[in-house]
Each structure stands twice: as structure tokens, then as C-alpha cells.
Amino acid sequence: MATSLNQKTYTISEFGTKMGLSAPTLRYYENEGLIKPQRHSNGRRYYTQDDVRWLKFLKHLKGTGMSISDLKQYISWREQGDCTIPQRLALLKSTKNNFLQQFADIQHHLQILNDKINWYEAKEAGLTSEKESFADYLHRLGHHE
């Protein structure tokens, strides 16, 4: 399907497949005001490459943990124009800081998981004392729980 400007368009099914989202999820995003598909004269939705780019960006923001309400606020400010750049910038910086903290927490969880695996492997191989607890092992490595 193509628009009069020869721009590729997508049905909701095609768009969902392309974006890795179900049609109900796309309808939910539409109901929440996150995306705004075009409509044919018969009322059927269609999406363009602009929608692809926009939804990819929203998925990145969502992937950082930005809430739906913050996404809606960002969109509202975006629609108001450049006068809201300071607010959008502050929201993005706040999202980044929150994400970096979550990322650090995840890295710590992974480190403890790896330490536990290594502790068990060392015990199986007889490379560590039977009496050394996992907490003692972490302490010896300079890691904390």
C-alpha cells in the first residue's frame, strides 16, 4: 500500500509484525495517545515510516523504564513545540539517571550470580575449603551481597 507521496504504509497487522507488537498493544498505545495512526476514508488505520521511527524511539524510552504517564507527558510537551525543550530535557535526564541506577543494580545482581556459580564450581573442583561460606567467599573477593 502507498500514499499519494509514494510513502510505504502498513496495516495494523503489518505494522505490528514490523515493530514486534500485537495489534491489541498498538490499539492500547493509540488509546493512550502514544501513537496516532492515519485513517483511510473507510476508517481503517494505516502507519507510515514516520510512525516506525516514532515507535522505535518510544520503545527505547520504554526500555529504559520510562512509565506510560511519563511517555504521555513527553508527547504532550513535544506537541507544544520547542518552548518545552527544557522540560523534555529534564525528563530525559531523570529517566537516564533512573535507568543508570537500575543498570548498576542489574550488574551487581549478575556479579553475585557469577560469584555463586564460581563458588559452586570451586567447591565441586575441591579448590575451596568446605567450611568457607558464600558470604566469606564474597568477602575474600572484596564483593558485597
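Index from 1, following the sequence.
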Would Asp115 and Gln111 count as a side chain to side chain donor-acceptor pair (under 3.5 Å) if you check the C-alpha gap in whole Å, the side-chain angles of each, and the deciding distance to 0.1 Å? CA-CA 6 Å; Asp115 289 341; Gln111 181 63 59; 2.8 Å; yes
Heavy-atom pair with the smallest gap, counting every atom of Gly33 and Lys36: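 The pair with the smallest heavy-atom distance is O-CE, 4.1 Å.
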Check side chain to side chain donor-acceptor pair (under 3.5 Å) between [X] and all other residues, then give those that pass, not counting sequence neighbours.
X	answer
Ser67	Ser69
Asp70	none
Ser76	Gln80

Using the rule given for side chain to side chain contact (heavy atoms under 4.5 Å, CB included), can you reason through His40 versus Tyr46, listing the C-alpha separation, both sets of side-chain angles and the distance that settles it, and then say yes or no? CA-CA 7 Å; His40 290 291; Tyr46 71 91; 3.3 Å; yes
Please list, chain by chain and in numerical order, all residues satisfying salt bridge (charged side-chain N to carboxylate O under 4.0 Å, His left out) with [X], sequence neighbours excluded.
X	answer
Glu121	none
Lys18	none
Glu145	none

Cluster question for you: counting only ILVMFWY and a side-chain heavy-atom cut-off of under 4.5 Å, with indirect links fine, are Phe99 and Leu89 together?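 Unlinked, Phe99 and Leu89 end up in two clusters.
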Hey, any chance Phe103 and Leu92 share a hydrophobic cluster, counting ILVMFWY side chains that come within less than 4.5 Å of each other, even indirectly?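 Hydrophobic grouping puts Phe103 apart from Leu92.
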Does some side-chain heavy atom of [Y] sit less than 4.5 Å from a side-chain heavy atom of [X]?
X	Y	answer
Leu110	Ile106	no
Arg78	Trp54	yes
Ile12	Arg27	yes
Leu55	Leu34	no
Thr11	Tyr47	no
Arg140	Thr128	yes

Go through it in stages, so that I can follow the logic: the residues are Asn98 and Gln102, the test is side chain to side chain donor-acceptor pair (under 3.5 Å), and I'd like the CA-CA distance, side-chain angles, deciding distance and then a yes or no. CA-CA 6 Å; Asn98 292 339; Gln102 292 172 3; over 6 Å; no
Check: His108 ring centre within less than 6.0 Å of His144 ring centre: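 Between His108 and His144, the centre distance is under 6.0 Å.
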Set of residues satisfying side chain to side chain contact (heavy atoms under 4.5 Å, CB included) with respect to [X], sequence neighbours excluded:
X	result
Thr95	Thr64, Met66, Leu91
Lys96	Leu100
Asp82	Ile85, Arg88

Measure the [atom1]-[atom2] distance between [X] and [Y] for me, rounded to the nearest 0.5 Å.
X	Y	atom1	atom2	value
Lys116	Asn114	NZ	CG	13.0 Å
Ile35	Tyr28	CD1	OH	12.0 Å
Leu127	Asn118	CG	CG	11.0 Å

In sequence, state the C-alpha distance, the side-chain angles, and the governing distance for Asp51 and Phe15, and then conclude on side chain to side chain contact (heavy atoms under 4.5 Å, CB included). CA-CA 9 Å; Asp51 297 314; Phe15 189 62; 3.9 Å; yes
With the threshold set at 4.0 Å, does a side-chain nitrogen-carboxylate oxygen contact exist between Lys123 and Glu132?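 Glu132 and Lys123: not salt-bridged.
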Contacts of His60 that satisfy ring pair (Phe, Tyr, Trp, His ring centres under 6.0 Å) - sequence neighbours left out: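 Here no residue qualifies.
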[Y] backbone acceptor or donor facing [X] side chain under 3.5 Å:
X	Y	value
Glu32	Tyr29	no
Thr17	Ser13	yes
Trp77	Pro86	no

For residues 53-62, which residue pairs pass the salt bridge (charged side-chain N to carboxylate O under 4.0 Å, His left out) check, not counting sequence neighbours?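 Found Asp50-Arg53.
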I'd like to know whether Arg45 forms a side chain to side chain contact (heavy atoms under 4.5 Å, CB included) with Arg39, so could you lay out the CA-CA distance, the side-chain angles of the two residues, the decisive distance to 0.1 Å, and finally the verdict. CA-CA 5 Å; Arg45 296 170 180 82; Arg39 300 261 181 186; 3.6 Å; yes
Would you please test Ser133 and Asp136 for side chain to side chain donor-acceptor pair (under 3.5 Å) and show each step? CA-CA 5 Å; Ser133 69; Asp136 291 340; 3.2 Å; yes
Could you identify which residues cluster with Trp119, counting Ile, Leu, Val, Met, Phe, Trp and Tyr as linked when any side-chain heavy atoms lie under 4.5 Å apart, either directly or through a chain of such contacts?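 In the cluster with Trp119 are Ile112, Tyr120, Phe134, Tyr137, Leu138, Leu141.
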When you compare the side chains of Tyr74 and Gln87, does any donor N or O come within less than 3.5 Å of an acceptor on the partner?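 Not at all, the side chains of Tyr74 and Gln87 share no donor-acceptor pair under 3.5 Å.
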Is the NE2 atom of His143 crowded by more than 12 outside heavy atoms at less than 6.0 Å?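 Above 12, so yes.
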